[in-house]
Amino acid sequence: MATAVLEEKQGIWHWLDENFEKIFLVAGLIAIICFITLQTFYRYIVSNLLETAGAMVWTEEISRYIFIWITYFAVCVAIKKRSSIRIDIIYEKLPKRWQEISWIVVDGCFLLLTLVIAITGWGQIERLMQYPQYTTALRIPFLVPYLILPIGFGLMSLRLIQNLWKQIKVCGTTDTIIGLVALLALGIPMYPVMISLYVTGDVFIYDYIAPLPALFGYFIALCVLGVPIAIGLGLSTLATIICADTLPLEYLSQVAFTSLDNFPIMAIPFFIAAGEYMGEGGLSSRLLKLADSMLGGMYGGMAMTTVVTCMFFGAISGSGPATVAAIGSLTIPAMLERGYNKAFSCAIVAAAGALGVMIPPSNPFVVYGIAAQVSIGDLFISGIIPGILCGLVLMAYSYFHSKKMGWKGDAEERSGKKLALAAWDAKWALMVPVIVLGGIYGGFMTPTEAAAVAAFYGIIVGVFIYREIDLKKLFKCSVSAAETSATIILLMAMATIFGNIMTIEDVPGTIARAILDFTNSKFFILLIINILLLIVGVFMEALAAIVILTPILLPVVTGVGVSPLHFGVIMVVNLAIGFLTPPVGVNLFVASGVSGENIIRIAKAALPMISLMILVLLVITYFPQVPLCLVGN
């Protein structure tokens, strides 16, 4: 009896350990999707019917604060799964033993940052208790939303301690000591400065390190060690604050909250959620059937079908890897069944998946729009032509390469009636771009509201119309969307802190002046930046590159007359090509995971496709009227 009770208690604790944060994520994400959708419909329906009805300003306010809470709770889930955006080139080459040791260093660095923000975040709470402030619409004490700093980062610290404890068991005593020594060694440059804060006299070698060497030195070192890029940005900023006394330590926790208290940034989890719900809800298979009805009978028909389907799905999910996963799992087996080479099948899916970040909606465009203060709506419309051009060159390559290899479509009879039936079956999926783009450019919705409506639409279609999403799948999709978006948003929050130090030190201005002193040729500067971005795309994930490089490169290009809008398109297309280039080409990894094909063979098969996409990149770089022709004014 006692054993049964103990096992029951252990079962409850295990369930809570696995699902504690997830309960809040699902409830919070669905709540804010419903709140923002309600706000949008209320504005145009209820307000018009009832002239006395006021605006629902409370929905946006409470949604922002729930969004901040679920974002940091989702980081806890990502920590538990060790899901993060990081540079792991060196990690992949290490022997298994040293890979395990490296996790002690990585988790230790992460723990240091979360503890600092949790402790300084409690300082914010004490100030708000002493000097109460209230939100504008609901008159909630600011103390309530700010509690996420000690609670959220405290919970992250707990999850990291759990990870470290498990890792210590894996590594054993000797390797654990090696990992802890390496972790302590990272702080050696800071120790004299830290000691000098408490000891007076000329005993120490130095009591100050210039901001830029501390900022970039620590950031590069931490990235090389495989520390998540977001944590590298935060820790290098912390090191700079300690070494150069640039800003107060409390600034970290303050910006960790204020950088997320931003309505446009909420478009990211909404678009990701929309893609998750629609992928799970059966929309991708119906889009594939429609594209196959149009192109499946030609040479390379299934490959071209894959490209078109990825273009459609990209207009739903806004994510390259999500597009590859959703479409590749359907089209790669279909291409193999029709005699296509396996490496080519994977490569065309990986290349077409990159179109998902060009064709609106696009998460990289949202991130760039926030970083560069450019209209997200204009960025979306500017991505349409580059996305279509890349799709057309990939389709042309698929046709001629398939004709050369003898890969013809199936012999199934196709007719206008079958095409019409397939289009009717896919009508709910085809409505998504109409809702998103029509809502934004018709002036009915902001990009964030359009994203929320798209996510709400995805739930309705998947649960009630196609009936392919049950409660279990809804829970899984919501957790996945929150976790994916949280890693992006944490990166943006830490990049804001990092970027503010760069601004204080005038790093962007200094770099811009140096390049413009070297040459003021628009042609050569754009060529150099394209080459730089292509190289960066090989080693760094696209969203990380955007948040780090936008404040540095934007002053350079605007100095030679390139508009921030045009540069946003150039940057996103460059980094979309990076989805195909190893070692960080995430689309290659997803295609490999879906198919089981060797990633090197996929990369070799993708080389001609990369070359064609670079030609499109050059066209949109030097002929800005091509990508911007659809933008008004």
Side-chain angles (χ1 to χ4, degrees), residues 212 215-216 220 354 357-358 362 364-365 367-375 378-379 381-390 393 495 498-499 502-503 505-540 542-581 607-633:
L212 294 186
L215 189 69
F216 289 104
I220 292 168
V357 300
M358 301 182 209
S362 160
F365 277 137
V367 174
Y368 175 83
I370 294 167
Q373 296 297 297
V374 176
S375 165
D378 286 348
L379 285 166
I381 206 80
S382 301
I384 293 174
I385 297 298
I388 291 173
L389 288 177
C390 285
V393 297
F498 187 89
M502 286 202 301
T503 302
E505 298 299 321
D506 194 31
V507 173
T510 303
I511 292 173
R513 286 189 294 272
I515 293 176
L516 293 173
D517 285 344
F518 174 72
T519 176
N520 58 4
S521 166
K522 183 177 178 180
F523 178 89
F524 282 111
I525 285 175
L526 287 174
L527 182 63
I528 291 166
I529 287 176
N530 271 327
I531 292 169
L532 171 66
L533 289 172
L534 288 170
I535 293 169
V536 167
V538 172
F539 299 103
M540 189 177 288
L543 297 172
I546 289 170
V547 296
I548 293 167
L549 293 178
T550 296
I552 294 174
L553 297 178
L554 193 58
V556 178
V557 295
T558 54
V560 291
V562 177
S563 74
L565 178 62
H566 182 208
F567 181 61
V569 179
I570 294 171
M571 177 173 262
V572 169
V573 173
N574 262 294
L575 297 171
I577 295 170
F579 279 98
L580 289 173
T581 50
L607 286 176
M609 305 173 200
I610 294 172
S611 301
L612 290 168
M613 292 173 77
I614 289 174
L615 287 178
V616 174
L617 170 65
L618 292 174
V619 169
I620 66 167
T621 297
Y622 292 110
F623 300 95
Q625 59 270 30
V626 173
L628 304 184
C629 64
L630 299 179
V631 181
N633 301 319

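Between F518 and F524, the distance separating the two ring centers is not shorter than 6.0 angstrom.
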side-chain contact (heavy atoms from CB on, under 4.5 Å), that's the test. Do D378 and L628 meet it? Break it down for me.
CA-CA 9 Å; D378 286 348; L628 304 184; over 6 Å; no

Go through S382 and L630 one step at a time and tell me if the side-chain contact (heavy atoms from CB on, under 4.5 Å) criterion holds.
CA-CA 7 Å; S382 301; L630 299 179; over 6 Å; no

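Residues satisfying the side chain to side chain contact (heavy atoms under 4.5 Å, CB included) test with L389, not counting sequence neighbours, are I385, V616, V626. By the side-chain hydrogen bond (donor to acceptor under 3.5 Å, both in side chains) test, D506 is found to be paired with R513, residues two or more places apart in sequence or in another chain being considered. Looking at residues two or more places apart in sequence or on another chain, you find a side chain to side chain contact (heavy atoms under 4.5 Å, CB included) between A372 and Y368, V374, T550, L554. When the side chain to side chain contact (heavy atoms under 4.5 Å, CB included) test is applied to L534, the partners found at least two apart in sequence or on another chain are N574, I577, I614, L617.
The closest side-chain heavy-atom distance from M613 to L580 is below 4.5 Å. Side-chain contact between M571 and L549: present, with at least one pair of heavy atoms (C-beta onward) separated by less than 4.5 Å. No side-chain heavy atom of V547 sits less than 4.5 Å from a side-chain heavy atom of I370.
Identified under the side-chain hydrogen bond (donor to acceptor under 3.5 Å, both in side chains) test for residues 558-569, with sequence neighbours left out: none. Applying the side-chain hydrogen bond (donor to acceptor under 3.5 Å, both in side chains) test to pairs two or more places apart or on separate chains, those with a residue in residues 609-624 are N530-T621.
Nearest heavy atoms, L516 versus G559: CD1-CA, 4.3 Å. Taking each heavy atom of P386 and P627 in turn, the nearest pair found is CG-CB, 3.9 Å.
Expressed to the nearest 0.5 Å, how far CG of L533 lies from CD1 of I528 amounts to 12.0 Å. To the nearest 0.5 Å, the span separating OG on S375 from CD1 on I381 amounts to 10.0 Å. Remark: T510 OG1 to L212 CG distance equals 8.0 Å, nearest 0.5 Å. Between the CG atom of L565 and the CZ atom of F365 there is a distance of 8.5 Å, given to the nearest 0.5 Å. Interatomic distance, L575 CG to M358 CE, rounded to the nearest 0.5 Å: 10.0 Å. Going from atom OG1 of T519 over to atom CG of D517 covers 10.5 Å, rounded to the nearest 0.5 Å.
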